[in-house]
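See below for the structure under consideration.
Remember, predicted model here, so these are calculated numbers, not experimental data.
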Protein chains: 2
Amino acid sequence: MVVSVDAFAVLAEPTRRRILERLCRTESSVGDLVDALGMSQPAVSKHLKVLREAGFVSYRTAAQQRIYRINVRPLQAVDDWLTPYRRLWTEHLDALERHLDSQE
Amino acid sequence: MVVSVDAFAVLAEPTRRRILERLCRTESSVGDLVDALGMSQPAVSKHLKVLREAGFVSYRTAAQQRIYRINVRPLQAVDDWLTPYRRLWTEHLDALERHLDSQE
DNA sequence: TGGCCATATTCCTTGACAGGCATATGCCTG
DNA sequence: CAGGCATATGCCTGTCAAGGAATATGGCCA
């Protein structure tokens, strides 16, 4: 799993996010995704390759099919990236709560 | 504030993330950012424009300077986007905890 | 093994975007 | 109001990624 690929660049592609949204709910073969996305099979395979190399998905083989599933690691990385920013709104919220408390 | 611009596409650019990381800690003028990033002033201004139009930053005017500050809304949107995925690891964690509990 | 099915890869074209340089705009001060 | 400082915009070029069509790979079954 190549980790050097930038998670945000991978997520910048709407189609790839749609793939993740689907795989979040259920595993899917490539054909399933092609049907769900209404896109050509090569296009889907190429997006899956990008997702794979960034660690977002992996697959198991079932006969001639490849069943793709989602991986959490890169998504956790995004979650971690948000950490320093979250205080921006939680602190604002705290300040607001204090303000409201002082009003009653 | 144009909200149609895709937050992930904006964050896909490493330089823009660096700008946000800095603005998370402190407001900065364009000149401050140019110094901090070691990049040409036009390049920085262009990134700021993208960030502005996506709602990530706004500015106030101080004499000839524009003091940029971070906005939380688009970051909250990313945080929200993660919501359905977070259960993937929290549930795994819960399952692990249950397993460990059953072992003792 | 030959042919078929599911998926991957290659080639090609097109469009978007980043950065540098030059230049325009806007605002302040003497 | 002239000159200068801070920032924005336009133009140009190189890079890169997405999608389509054609084709290659690899596993399954008769």
Side-chain angles (χ1 to χ4, degrees), chain A residues 1-23 26-71 74, chain B residues 1-23 26-71 74:
Chain A
M1 160 177 147
V2 182
V3 291
S4 64
V5 180
D6 183 2
F8 285 105
V10 172
L11 295 176
E13 235 295 321
T15 304
R16 288 197 283 265
R17 292 203 299 274
R18 291 180 62 200
I19 291 176
L20 288 180
E21 278 157 27
R22 189 178 168 88
L23 293 183
T26 174
E27 297 184 327
S28 302
S29 71
V30 178
D32 289 342
L33 292 169
V34 169
D35 294 343
L37 301 174
M39 195 175 318
S40 77
Q41 175 268 316
V44 173
S45 277
K46 279 182 246 181
H47 284 304
L48 286 171
K49 180 178 187 177
V50 174
L51 288 166
R52 236 188 302 131
E53 293 182 340
F56 281 92
V57 302
S58 48
Y59 65 87
R60 67 170 199 277
T61 301
Q64 323 89 307
Q65 299 188 77
R66 291 193 176 182
I67 310 297
Y68 278 83
R69 66 174 168 277
I70 198 169
N71 289 336
Chain B
M1 160 176 146
V2 181
V3 290
S4 64
V5 180
D6 182 3
F8 285 105
V10 173
L11 295 176
E13 235 293 322
T15 304
R16 287 196 283 264
R17 291 203 300 274
R18 292 180 62 201
I19 291 175
L20 289 180
E21 280 158 26
R22 190 179 167 88
L23 293 183
T26 174
E27 297 184 329
S28 302
S29 70
V30 178
D32 289 342
L33 291 169
V34 169
D35 293 344
L37 300 175
M39 197 175 317
S40 78
Q41 176 268 314
V44 173
S45 278
K46 279 181 241 181
H47 284 304
L48 286 170
K49 180 177 187 176
V50 174
L51 287 166
R52 236 188 302 131
E53 292 182 341
F56 281 92
V57 302
S58 49
Y59 65 86
R60 68 170 198 277
T61 301
Q64 324 89 309
Q65 299 187 80
R66 292 193 175 182
I67 311 296
Y68 278 84
R69 65 174 169 276
I70 200 169
N71 288 337

So A/Leu51 and A/Leu23, side chain to side chain contact (heavy atoms under 4.5 Å, CB included) or not? Walk me through it. CA-CA 12 Å; A/Leu51 288 166; A/Leu23 293 183; 5.7 Å; no
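- Between B/His47 and C/dC17 there is no side-chain N or O to OP1 or OP2 distance below 4.0 Å.
- As rounded to whole Å, 10 Å separates atom C1' of C/dA8 from atom OH of A/Tyr59.
- The separation between A/Phe8 atom CZ and C/dA18 atom C1' is 19 Å, rounded to whole Å.
- Going from atom NZ of A/Lys46 over to atom CZ of A/Arg16 covers 12.0 Å, rounded to the nearest 0.5 Å.
- Of all non-hydrogen atoms in B/Ala36 and B/Arg18, the two that sit nearest each other are O-NH2, 3.7 Å.
- The distance between atom CG of A/Leu51 and atom C1' of D/dA17, rounded to the nearest whole Å, is 14 Å.
- Separating the CD atom of B/Glu13 from the P atom of D/dC16 is a distance of 13 Å, rounded to the nearest angstrom.
- Counting any heavy atom pair closer than 4.0 Å across all strands shown, A/Thr61 reaches no nucleic acid atom.
- Contacts of A/Tyr68 with the nucleic acid, taken as non-hydrogen atoms under 4.0 Å apart, involve only primed sugar atoms and P, OP1 or OP2.
- Here the side chains of A/Leu11 and A/Leu20 are in contact, with some heavy-atom distance below 4.5 Å.
- Comparing the start and finish of the helix from C/dT1-D/dA30 to C/dG30-D/dC1, five pairs each, the helix axis swings through 10°, to the nearest 10 degrees.
- The CG atom of B/Leu37 sits 13 Å away from the C1' atom of C/dG19 (whole-angstrom rounding).
- Spacing between atom CD of A/Gln64 and atom C1' of D/dG27 amounts to 6 Å, rounded to whole angstrom units.
- In terms of position along DNA chain D, the nucleotide closest to A/Val50 lies nearer the 5' end than the nucleotide closest to the other residue of the pair A/Ala62 and A/Val50.
- For the pair B/Pro74 and B/Ala54, the tightest heavy-atom approach, listed with the atom from each and the gap, is CG-O, 3.5 Å.
- When distances are taken from the side chain of A/Lys49 to each of C/dT9, D/dA18, C/dC28, the shortest belongs to C/dT9.
- Residue B/Glu27 holds its CD atom at 4.5 Å from CZ of B/Arg60, rounded to the nearest 0.5 Å.
- Look at B/Arg16 and you'll find a side-chain N or O under 4.0 angstrom from OP1 or OP2 of C/dA18.
- The phosphate of C/dA6 (OP1 or OP2) has no side-chain N or O of A/Ser45 nearer than 4.0 angstrom.
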Is there a side chain to side chain contact (heavy atoms under 4.5 Å, CB included) between B/Thr26 and B/Asp32? Walk through the geometry before answering. CA-CA 11 Å; B/Thr26 174; B/Asp32 289 342; over 6 Å; no
Contacts under 3.5 Å, N or O only, protein and nucleotides 20-25 of chain C:
unit_1: C/dG20; atom_1: OP2; unit_2: B/Ser40; atom_2: OG; d: 3.1
unit_1: C/dG20; atom_1: O6; unit_2: B/Lys46; atom_2: NZ; d: 2.4

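- When all heavy atoms are compared, the tightest approach of B/Ile67 to B/Ala62 is CG1-CB, 4.0 Å.
- When the C1' atom of D/dG27 is taken as reference, atom CZ of A/Arg60 falls 16 Å away, rounded to whole Å.
- B/Arg52 and B/Tyr68 are linked by a side-chain donor-acceptor pair at a separation below 3.5 angstrom, with hydrogens and angles left out of the test.
- Nucleotide D/dG26 holds its P atom 10 Å from the CZ atom of A/Arg66, rounded to whole Å.
- In this view, B/Arg17 and A/Asp6 satisfy the side chain to side chain donor-acceptor pair (under 3.5 Å) rule, not counting sequence neighbours.
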